Amino acid sequence: MAARNFVTHLECSLTGERNEPGKVHGLSRAGKPLLVRYDLAAVRHHLTLGALKIRPFDLWRYRELLPMRCDESIVSLGEPVTPIVRLRSDAGEVLIKDESRLPTGSFKARGLAVAVSMAKELGLKHLAIPTNGNAGAALAAYASRAALKATVFCPEQTPEINVREIAAQGARVYRVNGQIDECGKLVAAGREVKGWFDVSTLKEPYRIEGKKTMGLELAEQLGWQLPDAIFYPTGGGTGLIGMWKAFHELEAIGLIGSKRPRMVAVQASGCAPIVRAFDNGEKHATRWENATTVASGIRVPAAIGDFLILNAVRESGGFAIAVDDDDILARRQDVAEREGLLLCPEGAATYAAYRKALSEKRIKASDRVVLFNCASGLKYPLPPVENRLDRHAKIDFNAL
(Lines give C-alpha, C1' and ligand atoms only; values in the text may rest on other atoms or scores of the structure.)
Protein backbone atom coordinates (compact mmCIF):
# COMPACT_ATOMS: atom_id res chain seq x y z
CA MET A 1 0.00 0.00 0.00
CA ALA A 2 1.36 3.40 -0.95
CA ALA A 3 1.67 5.79 1.98
CA ARG A 4 1.61 9.54 1.72
CA ASN A 5 5.20 10.63 1.25
CA PHE A 6 6.43 14.08 2.21
CA VAL A 7 9.98 14.00 0.82
CA THR A 8 10.64 17.02 -1.40
CA HIS A 9 14.31 16.54 -2.27
CA LEU A 10 17.74 15.43 -1.11
CA GLU A 11 20.08 18.29 -0.23
CA CYS A 12 23.86 18.45 -0.28
CA SER A 13 24.90 19.17 3.30
CA LEU A 14 27.73 21.43 2.10
CA THR A 15 26.44 23.31 -0.95
CA GLY A 16 22.66 23.02 -0.61
CA GLU A 17 22.34 21.57 -4.12
CA ARG A 18 19.02 19.77 -4.57
CA ASN A 19 18.77 16.18 -5.79
CA GLU A 20 15.68 14.37 -6.99
CA PRO A 21 14.14 11.85 -4.57
CA GLY A 22 13.12 8.34 -5.59
CA LYS A 23 16.49 7.56 -7.19
CA VAL A 24 19.63 5.82 -5.96
CA HIS A 25 22.02 8.34 -4.41
CA GLY A 26 25.33 8.10 -2.60
CA LEU A 27 27.27 11.26 -1.82
CA SER A 28 26.50 14.61 -3.42
CA ARG A 29 28.45 15.96 -6.39
CA ALA A 30 30.59 17.80 -3.85
CA GLY A 31 31.41 14.46 -2.21
CA LYS A 32 29.46 15.28 0.94
CA PRO A 33 26.48 13.64 2.70
CA LEU A 34 22.98 14.14 1.34
CA LEU A 35 20.18 15.09 3.74
CA VAL A 36 16.53 14.18 3.14
CA ARG A 37 14.21 17.21 3.19
CA TYR A 38 10.46 17.10 3.78
CA ASP A 39 7.44 19.31 3.19
CA LEU A 40 7.23 20.14 6.88
CA ALA A 41 4.25 22.46 6.46
CA ALA A 42 2.29 19.47 5.18
CA VAL A 43 3.74 17.07 7.75
CA ARG A 44 2.49 19.44 10.46
CA HIS A 45 -1.12 18.54 9.60
CA HIS A 46 -0.54 14.77 9.71
CA LEU A 47 2.05 14.03 12.40
CA THR A 48 0.02 15.37 15.32
CA LEU A 49 -0.33 14.48 18.99
CA GLY A 50 -3.71 12.95 18.20
CA ALA A 51 -2.26 10.78 15.44
CA LEU A 52 0.56 9.58 17.69
CA LYS A 53 -1.84 8.51 20.44
CA ILE A 54 -3.27 5.71 18.31
CA ARG A 55 -0.07 4.42 16.71
CA PRO A 56 2.08 1.46 17.77
CA PHE A 57 4.92 2.43 20.10
CA ASP A 58 7.71 1.67 17.65
CA LEU A 59 10.26 3.34 15.38
CA TRP A 60 7.80 3.62 12.50
CA ARG A 61 5.28 5.78 14.40
CA TYR A 62 6.98 8.87 12.91
CA ARG A 63 6.19 7.68 9.39
CA GLU A 64 5.71 11.17 7.89
CA LEU A 65 9.32 12.03 8.75
CA LEU A 66 10.70 8.86 7.15
CA PRO A 67 11.58 8.48 3.46
CA MET A 68 9.81 5.29 2.28
CA ARG A 69 7.11 5.77 -0.37
CA CYS A 70 5.40 2.44 0.25
CA ASP A 71 4.56 0.68 3.50
CA GLU A 72 5.50 -2.59 1.79
CA SER A 73 9.08 -1.32 1.57
CA ILE A 74 9.47 -1.33 5.35
CA VAL A 75 11.89 -4.00 6.57
CA SER A 76 11.26 -4.50 10.26
CA LEU A 77 12.47 -6.82 13.00
CA GLY A 78 10.18 -5.24 15.60
CA GLU A 79 11.97 -2.03 16.62
CA PRO A 80 10.53 -0.76 19.93
CA VAL A 81 10.73 2.71 21.37
CA THR A 82 13.69 2.21 23.70
CA PRO A 83 13.31 2.95 27.41
CA ILE A 84 14.80 5.82 29.39
CA VAL A 85 16.28 4.69 32.71
CA ARG A 86 17.12 7.19 35.44
CA LEU A 87 20.30 6.57 37.42
CA ARG A 88 19.24 6.46 41.07
CA SER A 89 22.66 7.03 42.60
CA ASP A 90 23.47 10.36 40.93
CA ALA A 91 22.40 13.62 42.55
CA GLY A 92 21.25 15.18 39.30
CA GLU A 93 18.71 13.93 36.79
CA VAL A 94 20.87 11.59 34.75
CA LEU A 95 18.87 9.60 32.22
CA ILE A 96 20.13 6.74 30.06
CA LYS A 97 18.39 5.99 26.80
CA ASP A 98 19.02 2.29 26.50
CA GLU A 99 19.42 1.36 22.85
CA SER A 100 20.46 -2.19 23.70
CA ARG A 101 16.79 -3.22 23.52
CA LEU A 102 16.72 -2.89 19.71
CA PRO A 103 17.06 -5.82 17.27
CA THR A 104 20.70 -6.96 17.02
CA GLY A 105 21.28 -5.30 20.40
CA SER A 106 22.38 -1.85 19.23
CA PHE A 107 21.23 1.50 17.92
CA LYS A 108 22.69 0.61 14.52
CA ALA A 109 19.37 -1.19 13.92
CA ARG A 110 17.66 2.18 13.52
CA GLY A 111 19.78 3.42 10.64
CA LEU A 112 20.07 0.09 8.88
CA ALA A 113 16.33 -0.65 9.15
CA VAL A 114 15.58 2.52 7.18
CA ALA A 115 18.56 2.21 4.82
CA VAL A 116 17.69 -1.39 3.92
CA SER A 117 14.03 -0.46 3.52
CA MET A 118 15.04 2.21 1.01
CA ALA A 119 17.47 -0.17 -0.72
CA LYS A 120 14.61 -2.62 -1.17
CA GLU A 121 12.31 0.14 -2.45
CA LEU A 122 14.93 1.38 -4.92
CA GLY A 123 15.63 -2.12 -6.27
CA LEU A 124 19.15 -2.63 -4.92
CA LYS A 125 20.27 -6.25 -4.52
CA HIS A 126 23.68 -6.24 -2.81
CA LEU A 127 24.85 -3.97 0.03
CA ALA A 128 28.34 -3.56 1.48
CA ILE A 129 29.58 -1.85 4.63
CA PRO A 130 32.69 -1.23 6.73
CA THR A 131 32.04 -1.76 10.43
CA ASN A 132 33.54 -1.86 13.89
CA GLY A 133 30.93 -4.52 14.67
CA ASN A 134 27.39 -3.42 15.38
CA ALA A 135 26.56 -1.76 12.06
CA GLY A 136 27.69 -4.89 10.23
CA ALA A 137 25.50 -7.04 12.46
CA ALA A 138 22.50 -4.81 11.82
CA LEU A 139 23.08 -4.81 8.06
CA ALA A 140 23.41 -8.60 8.05
CA ALA A 141 20.11 -9.01 9.89
CA TYR A 142 18.06 -6.52 7.88
CA ALA A 143 19.54 -7.57 4.53
CA SER A 144 18.63 -11.19 5.29
CA ARG A 145 15.13 -10.08 6.28
CA ALA A 146 14.80 -8.27 2.93
CA ALA A 147 16.36 -11.14 0.93
CA LEU A 148 19.32 -8.94 -0.09
CA LYS A 149 23.01 -9.86 -0.19
CA ALA A 150 25.37 -8.24 2.30
CA THR A 151 29.16 -8.05 2.42
CA VAL A 152 30.92 -6.69 5.50
CA PHE A 153 34.51 -5.58 6.14
CA CYS A 154 35.73 -5.09 9.72
CA PRO A 155 39.04 -4.22 11.39
CA GLU A 156 41.00 -7.06 12.95
CA GLN A 157 40.29 -5.67 16.46
CA THR A 158 36.51 -6.05 16.03
CA PRO A 159 35.03 -8.03 18.96
CA GLU A 160 34.80 -11.71 18.05
CA ILE A 161 31.12 -11.91 19.02
CA ASN A 162 30.32 -9.22 16.46
CA VAL A 163 32.16 -11.03 13.66
CA ARG A 164 30.40 -14.30 14.43
CA GLU A 165 27.04 -12.54 14.72
CA ILE A 166 27.48 -10.99 11.26
CA ALA A 167 28.31 -14.36 9.71
CA ALA A 168 25.49 -16.15 11.53
CA GLN A 169 22.95 -13.72 10.09
CA GLY A 170 23.87 -14.43 6.52
CA ALA A 171 26.45 -11.83 5.47
CA ARG A 172 29.90 -12.48 4.04
CA VAL A 173 32.31 -10.94 6.56
CA TYR A 174 36.04 -10.30 6.22
CA ARG A 175 38.57 -9.14 8.81
CA VAL A 176 40.91 -6.47 7.46
CA ASN A 177 44.35 -5.44 8.69
CA GLY A 178 43.41 -1.80 9.06
CA GLN A 179 40.99 0.68 10.66
CA ILE A 180 37.34 1.22 9.71
CA ASP A 181 38.11 4.01 7.23
CA GLU A 182 40.54 1.64 5.47
CA CYS A 183 37.79 -0.98 5.38
CA GLY A 184 35.65 1.71 3.78
CA LYS A 185 38.21 2.12 1.02
CA LEU A 186 37.83 -1.59 0.20
CA VAL A 187 34.05 -1.15 -0.05
CA ALA A 188 34.58 1.73 -2.50
CA ALA A 189 37.24 -0.17 -4.48
CA GLY A 190 35.03 -3.23 -4.89
CA ARG A 191 31.93 -1.35 -5.96
CA GLU A 192 32.64 -1.39 -9.69
CA VAL A 193 33.71 -5.04 -9.69
CA LYS A 194 30.97 -6.51 -7.49
CA GLY A 195 28.16 -4.06 -8.15
CA TRP A 196 27.29 -3.63 -4.50
CA PHE A 197 25.89 -0.42 -3.03
CA ASP A 198 27.92 1.32 -0.35
CA VAL A 199 25.94 1.85 2.88
CA SER A 200 28.87 3.31 4.83
CA THR A 201 28.09 5.96 7.45
CA LEU A 202 26.69 9.07 5.71
CA LYS A 203 27.68 7.80 2.25
CA GLU A 204 24.01 7.17 1.55
CA PRO A 205 21.13 9.41 2.70
CA TYR A 206 18.93 7.11 4.76
CA ARG A 207 20.82 5.75 7.78
CA ILE A 208 20.66 9.22 9.26
CA GLU A 209 16.86 9.18 8.86
CA GLY A 210 16.66 6.03 10.94
CA LYS A 211 19.10 7.35 13.53
CA LYS A 212 17.19 10.63 13.92
CA THR A 213 14.30 8.65 15.45
CA MET A 214 16.37 8.68 18.65
CA GLY A 215 15.69 12.40 18.84
CA LEU A 216 12.01 12.03 17.89
CA GLU A 217 11.51 9.39 20.58
CA LEU A 218 13.44 11.31 23.19
CA ALA A 219 11.36 14.43 22.70
CA GLU A 220 8.10 12.48 22.96
CA GLN A 221 9.23 10.47 25.99
CA LEU A 222 10.18 13.66 27.85
CA GLY A 223 6.82 15.29 27.18
CA TRP A 224 8.10 17.36 24.24
CA GLN A 225 10.61 19.10 26.53
CA LEU A 226 14.20 18.51 25.48
CA PRO A 227 16.90 17.91 28.12
CA ASP A 228 19.63 20.38 29.02
CA ALA A 229 22.36 18.22 27.50
CA ILE A 230 22.86 15.05 25.49
CA PHE A 231 26.09 13.06 25.81
CA TYR A 232 26.52 11.01 22.65
CA PRO A 233 29.28 8.45 21.84
CA THR A 234 30.71 9.86 18.62
CA GLY A 235 32.45 7.90 15.91
CA GLY A 236 30.91 8.63 12.53
CA GLY A 237 28.39 10.87 14.29
CA THR A 238 25.26 9.86 12.37
CA GLY A 239 23.10 9.82 15.49
CA LEU A 240 24.26 13.19 16.76
CA ILE A 241 23.70 14.79 13.36
CA GLY A 242 20.38 12.98 12.99
CA MET A 243 19.04 14.11 16.36
CA TRP A 244 20.00 17.71 15.63
CA LYS A 245 18.07 17.41 12.35
CA ALA A 246 15.12 15.81 14.17
CA PHE A 247 14.85 18.68 16.64
CA HIS A 248 14.64 21.24 13.82
CA GLU A 249 11.95 19.17 12.11
CA LEU A 250 9.95 18.82 15.33
CA GLU A 251 10.02 22.57 15.90
CA ALA A 252 8.92 23.19 12.31
CA ILE A 253 5.84 20.97 12.77
CA GLY A 254 4.97 22.56 16.10
CA LEU A 255 5.71 19.72 18.53
CA ILE A 256 8.56 21.43 20.38
CA GLY A 257 9.76 24.97 20.95
CA SER A 258 13.09 26.58 20.18
CA LYS A 259 15.00 25.22 23.19
CA ARG A 260 17.78 22.82 22.25
CA PRO A 261 20.00 20.60 24.37
CA ARG A 262 23.72 21.14 24.45
CA MET A 263 25.11 18.40 22.23
CA VAL A 264 28.22 16.77 23.70
CA ALA A 265 30.36 14.62 21.41
CA VAL A 266 32.06 11.93 23.47
CA GLN A 267 35.21 10.21 22.21
CA ALA A 268 37.97 8.05 23.64
CA SER A 269 41.35 9.67 24.27
CA GLY A 270 42.94 7.06 22.01
CA CYS A 271 40.78 8.19 19.06
CA ALA A 272 39.54 11.76 19.40
CA PRO A 273 39.64 13.60 16.06
CA ILE A 274 36.42 15.53 16.75
CA VAL A 275 37.63 16.64 20.20
CA ARG A 276 40.92 17.86 18.72
CA ALA A 277 39.14 19.76 15.95
CA PHE A 278 36.68 21.30 18.41
CA ASP A 279 39.41 22.39 20.81
CA ASN A 280 41.44 23.89 17.94
CA GLY A 281 38.46 25.77 16.50
CA GLU A 282 38.63 23.87 13.22
CA LYS A 283 35.72 23.19 10.84
CA HIS A 284 37.00 19.75 9.81
CA ALA A 285 38.80 17.00 11.70
CA THR A 286 42.08 15.55 10.47
CA ARG A 287 42.59 11.79 10.62
CA TRP A 288 43.62 10.34 13.98
CA GLU A 289 46.63 8.09 13.47
CA ASN A 290 47.12 4.81 15.38
CA ALA A 291 43.60 4.88 16.78
CA THR A 292 43.00 2.56 19.72
CA THR A 293 40.28 2.20 22.37
CA VAL A 294 38.28 -0.50 24.12
CA ALA A 295 35.16 1.32 22.88
CA SER A 296 35.38 -0.13 19.38
CA GLY A 297 32.23 1.62 18.14
CA ILE A 298 33.88 5.03 18.46
CA ARG A 299 37.23 3.93 17.03
CA VAL A 300 36.71 6.02 13.89
CA PRO A 301 39.89 7.85 12.83
CA ALA A 302 38.15 10.02 10.22
CA ALA A 303 34.46 10.88 9.80
CA ILE A 304 33.03 12.11 6.51
CA GLY A 305 30.41 14.06 8.46
CA ASP A 306 33.00 15.79 10.67
CA PHE A 307 31.81 19.30 9.76
CA LEU A 308 28.18 18.39 10.49
CA ILE A 309 29.12 17.02 13.93
CA LEU A 310 31.15 20.11 14.75
CA ASN A 311 28.41 22.42 13.47
CA ALA A 312 25.77 20.75 15.67
CA VAL A 313 27.99 20.82 18.74
CA ARG A 314 28.85 24.49 18.29
CA GLU A 315 25.35 25.63 17.32
CA SER A 316 23.99 23.97 20.46
CA GLY A 317 26.55 25.54 22.78
CA GLY A 318 27.87 22.08 23.53
CA PHE A 319 31.38 20.68 23.52
CA ALA A 320 33.51 17.66 22.62
CA ILE A 321 35.23 15.65 25.33
CA ALA A 322 37.57 12.65 25.46
CA VAL A 323 37.87 10.04 28.22
CA ASP A 324 40.51 7.41 28.94
CA ASP A 325 39.91 3.68 28.50
CA ASP A 326 40.60 3.01 32.18
CA ASP A 327 37.86 5.46 33.13
CA ILE A 328 35.47 3.90 30.60
CA LEU A 329 35.95 0.42 32.07
CA ALA A 330 35.73 1.69 35.65
CA ARG A 331 32.48 3.54 34.95
CA ARG A 332 31.02 0.49 33.21
CA GLN A 333 31.69 -1.58 36.32
CA ASP A 334 30.41 1.18 38.58
CA VAL A 335 27.05 1.50 36.80
CA ALA A 336 26.63 -2.27 36.56
CA GLU A 337 27.17 -2.74 40.30
CA ARG A 338 25.15 0.27 41.46
CA GLU A 339 22.34 0.35 38.93
CA GLY A 340 22.08 -3.11 37.37
CA LEU A 341 22.71 -1.71 33.88
CA LEU A 342 25.46 -3.40 31.86
CA LEU A 343 26.53 -0.61 29.56
CA CYS A 344 28.56 -1.16 26.42
CA PRO A 345 31.98 0.57 26.50
CA GLU A 346 30.69 3.39 24.28
CA GLY A 347 27.75 3.93 26.63
CA ALA A 348 30.09 3.84 29.62
CA ALA A 349 32.18 6.48 27.85
CA THR A 350 29.21 8.87 28.00
CA TYR A 351 28.90 8.37 31.75
CA ALA A 352 32.64 8.85 32.20
CA ALA A 353 32.40 12.01 30.12
CA TYR A 354 29.45 13.26 32.17
CA ARG A 355 31.37 12.79 35.43
CA LYS A 356 34.45 14.46 33.95
CA ALA A 357 32.41 17.40 32.61
CA LEU A 358 30.76 17.75 36.01
CA SER A 359 34.13 17.90 37.77
CA GLU A 360 35.36 20.46 35.25
CA LYS A 361 32.17 22.53 35.74
CA ARG A 362 31.29 22.26 32.06
CA ILE A 363 27.90 20.99 33.15
CA LYS A 364 25.81 21.62 36.28
CA ALA A 365 24.65 18.95 38.73
CA SER A 366 21.12 20.35 38.38
CA ASP A 367 21.07 19.81 34.60
CA ARG A 368 18.75 17.23 33.11
CA VAL A 369 21.14 15.09 31.10
CA VAL A 370 20.59 12.20 28.69
CA LEU A 371 23.33 9.66 28.02
CA PHE A 372 23.10 7.16 25.18
CA ASN A 373 23.90 3.51 25.82
CA CYS A 374 24.23 2.48 22.21
CA ALA A 375 24.49 -1.33 22.54
CA SER A 376 24.25 -4.30 24.84
CA GLY A 377 27.22 -4.81 27.12
CA LEU A 378 26.93 -8.52 26.33
CA LYS A 379 28.36 -7.86 22.85
CA TYR A 380 31.78 -6.94 24.26
CA PRO A 381 34.51 -8.74 26.20
CA LEU A 382 33.92 -8.80 29.97
CA PRO A 383 36.47 -9.30 32.77
CA PRO A 384 37.22 -12.95 33.58
CA VAL A 385 35.75 -14.54 36.71
CA GLU A 386 38.11 -16.89 38.56
CA ASN A 387 36.11 -17.79 41.72
CA ARG A 388 35.65 -21.56 42.08
CA LEU A 389 34.37 -24.00 44.71
CA ASP A 390 35.14 -27.67 45.18
CA ARG A 391 31.83 -29.29 46.10
CA HIS A 392 33.70 -32.24 47.61
CA ALA A 393 35.63 -30.06 50.06
CA LYS A 394 34.41 -28.30 53.19
CA ILE A 395 33.14 -24.83 52.25
CA ASP A 396 33.55 -21.85 54.56
CA PHE A 397 30.33 -20.02 53.70
CA ASN A 398 31.29 -17.11 55.98
CA ALA A 399 34.19 -16.38 53.63
CA LEU A 400 31.99 -16.21 50.53
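On a predicted model such as this, the values are computed, not experimentally measured, just so you know.
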Inset, instruction - Starting from the C-alpha separation in whole Å, work towards a yes-or-no answer on salt bridge (Lys or Arg N to Asp or Glu O under 4.0 Å) for D181 and R287. - result: CA-CA 10 Å; D181 55 337; R287 188 177 192 274; 2.5 Å; yes
CA sep, side-chain torsions, deciding dist, call: L95, L222, side-chain contact (heavy atoms from CB on, under 4.5 Å) = CA-CA 11 Å; L95 308 172; L222 297 182; 4.0 Å; yes
Exercise for review: Could you walk me through whether V75 and L148 pass the side-chain contact (heavy atoms from CB on, under 4.5 Å) test, one step at a time?
Suggested key: CA-CA 11 Å; V75 181; L148 305 180; over 6 Å; no
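Of all heavy-atom pairs spanning A322 and V275, the tightest one is N-CG2, 3.9 Å. D98 and S100 get closest at one heavy-atom pair: OD1-OG, 2.7 Å. Between L87 and L341 the shortest heavy-atom distance is CD2-CD1, 4.2 Å. Contact detail for L250 and G215: the closest heavy-atom pair is CD1-O, 4.3 Å. Scanning both residues, V323 and A352, for their nearest heavy atoms gives CG1-C, 3.8 Å.
The hydrophobic clustering, which links ILVMFWY residues whose side-chain heavy atoms are closer than 4.5 Å, places V300 and L139 apart. W224 and M214 fall within the same hydrophobic cluster, defined by Ile, Leu, Val, Met, Phe, Trp and Tyr side-chain heavy atoms under 4.5 Å apart, directly or through other members. If you chain together hydrophobic residues whose side chains sit under 4.5 Å apart, V85 and Y351 fall into the same group. In the hydrophobic cluster analysis, where Ile, Leu, Val, Met, Phe, Trp and Tyr join through side-chain heavy atoms closer than 4.5 angstrom, L255 is grouped together with F247. Criterion: ILVMFWY side-chain heavy atoms under 4.5 Å apart, direct or through other members. Under it, L218 and I256 are part of a common hydrophobic cluster.
Within a 6.0 Å sphere centred on CZ of R29, other residues, nucleotides and ligands contribute 12 heavy atoms or fewer. Within a 6.0 Å sphere centred on CZ of R164, heavy atoms belonging to other residues, nucleotides or ligands number 12 at most. Annotation: D390, atom CG; neighbour count of heavy atoms from other residues, nucleotides and ligands within 6.0 Å is above 12.
Under 3.5 Å, the side chains of R276 and T286 contain a donor-acceptor pair of N or O atoms. A donor atom on one side chain and an acceptor atom on the other are found under 3.5 Å apart for E315 and W244.
Ion pairing between a basic and an acidic side chain is recognised when a charged N comes within 4.0 Å of a carboxylate O; R55 and E220 show no such pairing. We find that R175 and E160 are joined by a salt bridge, their nearest charged nitrogen and carboxylate oxygen being less than 4.0 Å apart.
No donor-acceptor distance shorter than 3.5 angstrom exists from the side chain of E346 to the backbone of A375, with no hydrogens or angles considered. Side chain of S144 to backbone of A141: no donor-acceptor contact under 3.5 angstrom is found. Looking at E209, its side chain never comes within 3.5 Å of a backbone N or O of V114 through a donor-acceptor pair. Between the side chain of T48 and the backbone N or O of A51, at least one donor-acceptor pair lies under 3.5 Å. In this structure, D325 contributes its side chain and V294 its backbone to a donor-acceptor pair below 3.5 Å. Looking at R61, its side chain does come within 3.5 Å of a backbone N or O of L52 through a donor-acceptor pair. When atom types are taken as modelled, the side chain of E339 and the backbone of R88 share a donor-acceptor pair closer than 3.5 angstrom. Here the side chain of D367 pairs no donor or acceptor atom with the backbone of V369 at under 3.5 angstrom. The main-chain N or O of T82 is found under 3.5 Å from a side-chain atom of Q221 such that the two form a donor-acceptor pair. E121 places a side-chain N or O within donor-acceptor distance of the main-chain N or O of R69, the cut-off being under 3.5 Å.
Ring geometry for Y232 versus F372: interplanar angle over 60°, hence perpendicular rather than tilted (30 to 60°).
Under the ring-ring contact (aromatic ring centres under 6.0 Å, His included) criterion, F153 pairs with Y174, W196, sequence neighbours left out.
Just one residue in the list T293, N132, T292 forms a side-chain hydrogen bond (donor to acceptor under 3.5 Å, both in side chains) with R299, and that residue is N132. Partner E99 forms a salt bridge (Lys or Arg N to Asp or Glu O under 4.0 Å) with one of K379, K108, R110 and no other, that one being R110. With D228 as the partner, the salt bridge (Lys or Arg N to Asp or Glu O under 4.0 Å) test is satisfied by one option alone out of R368, K364, R262, K259: K259.
Atom CD1 of I274 and atom CZ of F307 lie 11.0 Å apart (nearest 0.5 Å). One distance of note links OG1 of T238 with NZ of K212; it measures 13.5 Å at 0.5 Å rounding. Expressed to the nearest 0.5 Å, how far CG of L240 lies from OG of S316 amounts to 7.5 Å. To the nearest 0.5 angstrom, R314 atom CZ is 15.0 Å from M263 atom CE.
The side chain to side chain donor-acceptor pair (under 3.5 Å) pairs that include a residue from residues 145-156 are H126-T151, where partners are two or more places apart or lie in different chains.
Between E251 and R260, the closest side-chain pair of non-hydrogen atoms falls below 4.5 Å.
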